[in-house]
Amino acid sequence: HDALTICRYDGQIAVFGFDFQERLGKQNYFLVGAGAIGCELLKNFALMGLAAGKGGSITVTDMDSIEKSNLNRQFLFRACDVSKMKSETAARATRKMNPNCNVMAHQNRVAPETENVYSEDFFQSLDGVALAVDNFEARMYLDRRCIAFCKPLLESGTLGTKGHTQVIVPFLTKTYGIARDNSDAAFPMCTLKHFPYSIEHTLQWARDEFEGLFKQPAESVNQYFQDPSFLERILQQPNAQSLEILESIYSNLETEKPESWQDCVA
């Protein structure tokens, strides 16, 4: 095909064929979540030409705004984007990577109360759904909707250094509700800090706060006095992490050092 000499998708066309690339450009996809995984998916969509043809579209929705702590892993955002909406900023960055990508940004929650927006007609028009949220209820709800409308679902998630993806095809593969792994009782940090929805999240948050206030600083101070190689090991860690530990030690030994019993129990 002549397009092989002029098209940015030449590599894909050489492997999968021009007809496949055309179909890719006409896809209508729904992406729920524009955080770390959502940014990665949008980047991949832009580079592969998903919804970059006539009739194609990507609808991305996320209720959150960008925080400074997001910048180290949500790479479509920059410092100047802090406080802006994630979905709008991510859509704009996607269009910058591939101006032909048709990306629409929403700030809606995907739940029964927004079925007037994400209606039967909306789901019927989709070719697939990609899920990039850490909210259990949203995952279960979208799993049910995709089964009801026979739409494939790409479900993915991360927890620390662990990650997983799952392709769900109604009536062909296991659904998310059946296949999800309950063996790990840990909770995503962003859920604990911003969207706790169960008593277990509250208890874990309280435990983390207690350890951060009373356990970890004391252990760091003790190691500073007792371990001659402590500073050397700390300075080998990433700058932000080592700075946080050193500031905590300085605070406990100098600026906020208790001078009396009352200071210790206040």
Side-chain angles (χ1 to χ4, degrees), residues 3-4 6-64 66 70-71 73-78 81 84-110 117-118 122-135 138-139 142-143 145-146 149-158 163-170 173 176:
L4 281 175
I6 59 174
C7 180
R8 68 182 291 170
Y9 313 117
D10 281 352
Q12 288 181 178
I13 294 172
V15 176
F16 300 109
F18 188 78
D19 290 341
F20 173 86
Q21 192 63 44
E22 279 197 328
R23 289 180 61 189
L24 205 59
K26 295 176 181 178
Q27 295 290 296
N28 290 303
Y29 247 76
F30 185 30
L31 172 60
V32 184
I37 295 177
C39 285
E40 179 69 24
L41 288 173
L42 283 172
K43 181 263 290 182
N44 290 337
F45 291 165
L47 296 182
M48 68 194 295
L50 184 77
K54 185 177 180 181
S57 69
I58 300 170
T59 302
V60 54
T61 185
D62 196 305
M63 300 182 298
D64 291 348
I66 300 166
N70 300 147
L71 301 180
R73 65 192 185 281
Q74 299 176 19
F75 59 89
L76 295 185
F77 309 141
R78 300 293 180 265
D81 297 322
K84 296 178 182 177
M85 298 306 297
K86 286 186 178 181
S87 59
E88 292 178 353
T89 307
R92 185 166 57 251
T94 304
R95 288 190 291 266
K96 188 174 181 180
M97 283 188 285
N98 188 342
N100 293 322
C101 265
N102 303 306
V103 188
M104 297 177 291
H106 293 182
Q107 292 83 47
N108 301 317
R109 182 182 181 187
V110 181
V117 179
Y118 307 117
F122 175 82
F123 271 90
Q124 291 286 11
S125 69
L126 296 175
D127 293 297
V129 178
L131 189 53
V133 297
D134 66 353
N135 184 296
R139 285 174 168 168
L142 274 168
D143 184 52
R145 294 288 275 179
C146 287
F149 294 99
C150 292
K151 301 299 178 181
L153 172 65
L154 172 62
E155 194 277 324
S156 51
T158 61
H164 81 278
T165 59
Q166 179 184 355
V167 177
I168 299 167
V169 181
T173 67
Y176 173 76

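These numbers come from the heavy atoms of this one structure, side chains and all, not from hydrogens, waters or symmetry mates.
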Spacing of OH belonging to Tyr9 relative to CG belonging to Asn98, to within rounding of 0.5 Å:
4.0 Å

Do side-chain atoms of Asp62 reach the backbone of Ser87 as a donor and acceptor pair under 3.5 angstrom?
no

Could you tell me whether the side chain of Thr89 and the main chain of Phe77 form a donor-acceptor pair under 3.5 Å?
no

Within the side chain of Gln21, is there an N or O that forms a donor-acceptor pair under 3.5 Å with the backbone of Met48?
yes

Between Phe149 and Gln124 the two heavy atoms that sit nearest each other are CD2-NE2, 3.7 Å

State, to 0.1 Å, how close Val133 and Ala138 come at their nearest heavy-atom pair, and which atoms those are.
CG2-CB, 4.0 Å

Is the count of non-hydrogen atoms from other residues, nucleotides or ligands lying under 6.0 Å from Arg92 atom CZ greater than 12?
yes

Atom pairs and distances, donor-acceptor, side-chain atoms in residues 29-45, under 3.5 Å, two or more places apart:
unit_1 : atom_1 : unit_2 : atom_2 : d
Glu40  : OE2    : Lys43  : NZ     : 3.0
Asn44  : ND2    : Glu40  : O      : 3.3

Smallest separation among heavy atoms of Met63 and Asn108, with atom names
CG-C, 3.7 Å

Polar side-chain atom of Arg8 near backbone of Leu47 as donor-acceptor pair, under 3.5 Å:
no

Hey, mind stepping through Ile168 and Cys146 against side-chain contact (heavy atoms from CB on, under 4.5 Å) and telling me if it holds?
CA-CA 9 Å; Ile168 299 167; Cys146 287; over 6 Å; no

Look only at the side chain of Arg95 and the backbone of Val103, and say whether a donor-acceptor pair between them is shorter than 3.5 Å.
yes

Test Phe16 against Leu24 for side-chain contact (heavy atoms from CB on, under 4.5 Å), laying out the working first.
CA-CA 11 Å; Phe16 300 109; Leu24 205 59; over 6 Å; no

Quick check against the 3.5 Å criterion: does Asp127 have a side-chain atom that pairs as donor or acceptor with the backbone of Asn28?
yes

Does the pair Thr173 and Val167 meet the rule for a side-chain contact (heavy atoms from CB on, under 4.5 Å), with working shown?
CA-CA 8 Å; Thr173 67; Val167 177; 5.9 Å; no

Euclidean distance, Leu50 CG relative to Ile58 CD1, rounded to 0.5 Å:
4.5 Å

If we ignore hydrogens and angles and just use 3.5 Å, is the side chain of Lys26 paired with the main-chain N or O of Lys54 as donor and acceptor?
no

Check the pair Glu155 / Asp143 against side-chain contact (heavy atoms from CB on, under 4.5 Å), numbers first and verdict last.
CA-CA 9 Å; Glu155 194 277 324; Asp143 184 52; over 6 Å; no

Output the distance between atom CE (Met104) and atom OG1 (Thr59), rounded to the nearest 0.5 Å.
3.5 Å

Should Thr158 and Asp134 count as side-chain neighbours, where that means a heavy-atom distance under 4.5 Å?
no

Give a yes or no on this: more than 12 heavy atoms of other residues, nucleotides or ligands lie within 6.0 Å of atom CZ of Arg139.
yes

Inter-residue atom distance Asp81.CG - Glu88.CD, 0.5 Å rounding:
11.0 Å

Is the NZ or CZ atom of Arg145 both under 6.0 Å from the centre of the six-membered ring of Phe123 and within 45° of that ring's axis?
yes

Measuring from atom OG of Ser156 to atom CD of Gln166, what distance do you get when rounded to the nearest 0.5 angstrom?
10.0 Å

CZ/Phe18 to CG/Asp10 distance, rounded to the nearest 0.5 angstrom?
10.0 Å

